[in-house]
Amino acid sequence: MPAHASRTRPPLIAAVAAAAAAGLVALAIAPGALAEETTQSAGSSPKPTVVLVHGAFADASGWGGVAKRLQDDGYTVIAPANPLRGLPQDATYVSSVLANIDGPVVLVGHSYGGAVITQAAAGNPNIKALVYIAAMMPDNGENLAALTSKFSDAQLRPALRPAPFSNADGTSGYELTIDPVQFRAVFAADVPSTQARIMAASQRPISASAFGDSATAAAWRDIPSWALVAKQDKTLGAQLERFEAERAGSHTVEIDSSHVPMVSHPGAVTSLIESAARSTSS
């Protein structure tokens with residue numbers, strides 16, 4: 001054996017022995033501390049998964065600022081693509097997304113997405129709270145066109161542009177977008193003009209048939225709800241949002257926002273969602 005090996009190995013052995021001794025001491029005292037930590041963890045409720053459902057003339061990217069804040073605060077976030085092909089199809093799809101989530105869920109809908117979550121959440125015991133962001137909140141059997149025509153402060157209808165589309169089975173229909181020239185004034189007045197132009201260019205159309213659909217369930221009758229009223233909303237109108245929130249008995253906040261508060265005021269939207277989420281563990 002080389003001389004230098006005999007000189008260096010003993011200190012190494014000593015170091016390993018010291019580490020082992022420290023580990024044995026740690027093992028001797030750890031069980032109580034570990035039990036305390038486990039007890040605390042078991043006693044606290046897990047944070048719910050937050051599902052963000054976008055509405056018409058938009059896509060899931062509009063939730064970006066909200067999703068980041070929620071994730072930074074430790075929430076699992078899912079923002080599925082709403083098909084926008086009609087309330088029965090859209091609600092069925094979102095319901096299937098929810099069925100694949102374990103544990104409590106806070107379900108959030110913006111605009112037409114509010115109608116979708118109202119129907120999709122029905123009968124799902126994991127949905128602990130509904131949050132409506134400048135959203136439709138139809139009652140069971142209520143037609144969406146009739147609901148959105150209740151008040152006169154909205155400016156959406158004259159700004160809509162219909163276009164025909166075809167389905168693979170040979171059927172056809174019409175879908176609606178917002179005139180890009182009017183998009184910012186009607187939909188996103190408090191969003192910077194450059195960003196609003198991008199939103200207008202990338203808006204996803206909704207099948208016109210959706211506005212002829214009626215809700216077949218109203219989950220807000222059975223599940224606690226929170227609502228954000230956008231006081232400067234020209235798409236649905238603040239009057240409709242107040243009426244819906246009062247009818248549902250929702251915990252309600254109002255802010256000076258256009259129809260897209262999740263884009264222009266993501267902090268306020270996140271705060272409301274987290275308030276609803278905290279209620280699920282109380």
Side-chain angles (χ1 to χ4, degrees), residues 51-60 62-63 78-101 105-124 127 129-151 154 156-157 160-169 171-178 187 203-223 225 227 233 235-237 240-241 243-245 247-248 250 259-260 262:
V51 178
L52 306 169
V53 179
H54 69 83
F57 322 118
D59 60 25
W63 292 111
I78 299 174
N82 187 348
L84 304 179
R85 295 295 88 181
L87 185 55
Q89 180 175 336
D90 300 341
T92 298
Y93 171 72
V94 171
S95 180
S96 70
V97 171
L98 298 172
N100 290 317
I101 301 173
V105 173
V106 172
L107 184 57
V108 186
H110 169 247
S111 190
Y112 166 73
V116 174
I117 70 169
T118 294
Q119 188 161 314
N124 187 330
I127 312 303
L130 299 170
V131 184
Y132 294 91
I133 307 299
M136 297 181 191
M137 301 174 63
D139 202 352
N140 187 14
E142 192 166 34
N143 177 271
L144 298 190
L147 175 63
T148 55
S149 299
K150 282 184 179 293
F151 301 96
L156 175 63
R157 197 165 299 230
L160 292 176
R161 296 294 177 264
F165 70 91
S166 299
N167 295 309
D169 62 2
T171 59
S172 61
Y174 280 85
E175 59 186 12
L176 304 171
T177 57
I178 299 176
F187 198 75
Q203 65 177 300
R204 289 185 53 218
I206 184 171
S207 174
S209 67
F211 291 95
D213 293 330
S214 297
T216 59
W220 49 260
R221 288 194 170 276
D222 302 307
I223 302 171
S225 62
D233 190 344
T235 300
L236 292 181
L240 174 61
E241 292 162 20
F243 162 78
E244 294 173 322
R247 178 173 68 175
S250 304
H259 186 59
V260 289
M262 69 285 188

More than 12 heavy atoms of other groups within 6.0 Å of Y174 OH: no
Considering all heavy atoms, the nearest N143-G212 contact: ND2-O, 3.0 Å
Nearest-0.5 Å distance that lies between atom CG in N82 and atom CG in D90: 4.5 Å
Partner residues of D139 under the salt bridge (Lys or Arg N to Asp or Glu O under 4.0 Å) criterion, sequence neighbours left out: R221
For the student: nearest non-hydrogen atoms of S250 and S225, plus distance: OG-OG, 2.7 Å
Side chains of S95 and N124 in contact at under 4.5 Å (non-hydrogen atoms): no
Which residues share a side-chain contact (heavy atoms from CB on, under 4.5 Å) with A60, sequence neighbours left out: H54, A79
Which residues share a side-chain hydrogen bond (donor to acceptor under 3.5 Å, both in side chains) with T171, sequence neighbours left out: N167, D169
Min side-chain heavy-atom separation L176-P162 under 4.5 Å: yes
L147 and E244, any side-chain heavy atoms less than 4.5 Å apart: yes
For the student: nearest non-hydrogen atoms of A134 and D233, plus distance: CB-OD2, 3.8 Å
Evaluation steps, side-chain contact (heavy atoms from CB on, under 4.5 Å), between L156 and L236: CA-CA 7 Å; L156 175 63; L236 292 181; 5.5 Å; no
Side chain to side chain, T148 and R157, heavy atoms closer than 4.5 Å: yes
Distance (rounded to the nearest 0.5 Å) between R161 CZ and Q203 CD: 11.0 Å
From M136 atom CE to T118 atom OG1, the distance as rounded to the nearest 0.5 Å: 10.5 Å
Student check: side-chain heavy atoms of L87 and Y112 closer than 4.5 Å: yes
Counterpart residues, side-chain contact (heavy atoms from CB on, under 4.5 Å), relative to A135 (two or more places apart): Y132
side-chain contact (heavy atoms from CB on, under 4.5 Å) involving A129 - partner list, sequence neighbours excluded: V106, W226, A276, T280
NE2 on H259 to CZ on F187, rounded to 0.5 Å: 4.5 Å
Heavy-atom side-chain contact between I178 and L160 under 4.5 Å: yes
Separation between CD1 of I101 and CD1 of I78, rounded to the nearest 0.5 Å: 3.5 Å
Minimal non-hydrogen separation, A215 against N140, with atom names: O-OD1, 3.5 Å
Short side-chain to backbone donor-acceptor contact, Q119 and T216, under 3.5 Å: yes
pair I117-V108: side-chain heavy atoms closer than 4.5 Å: no
Candidate pair L52 and H110, rule side-chain contact (heavy atoms from CB on, under 4.5 Å), full reasoning: CA-CA 8 Å; L52 306 169; H110 169 247; over 6 Å; no
Any pair counted as salt bridge (Lys or Arg N to Asp or Glu O under 4.0 Å), so long as it reaches residues 111-123, sequence neighbours left out: none
Minimum-distance pair of heavy atoms, taken over all atoms of S207 and G86: CB-N, 4.5 Å
Minimum side-chain heavy-atom gap E241-M137 below 4.5 Å: no
R204 CZ to L84 CG distance, which is reported to the nearest 0.5 Å: 4.5 Å
Least distance between heavy atoms, A217 atom then A122 atom: CB-CB, 3.6 Å
S149 side chain vs A146 backbone, donor-acceptor pair below 3.5 Å: no
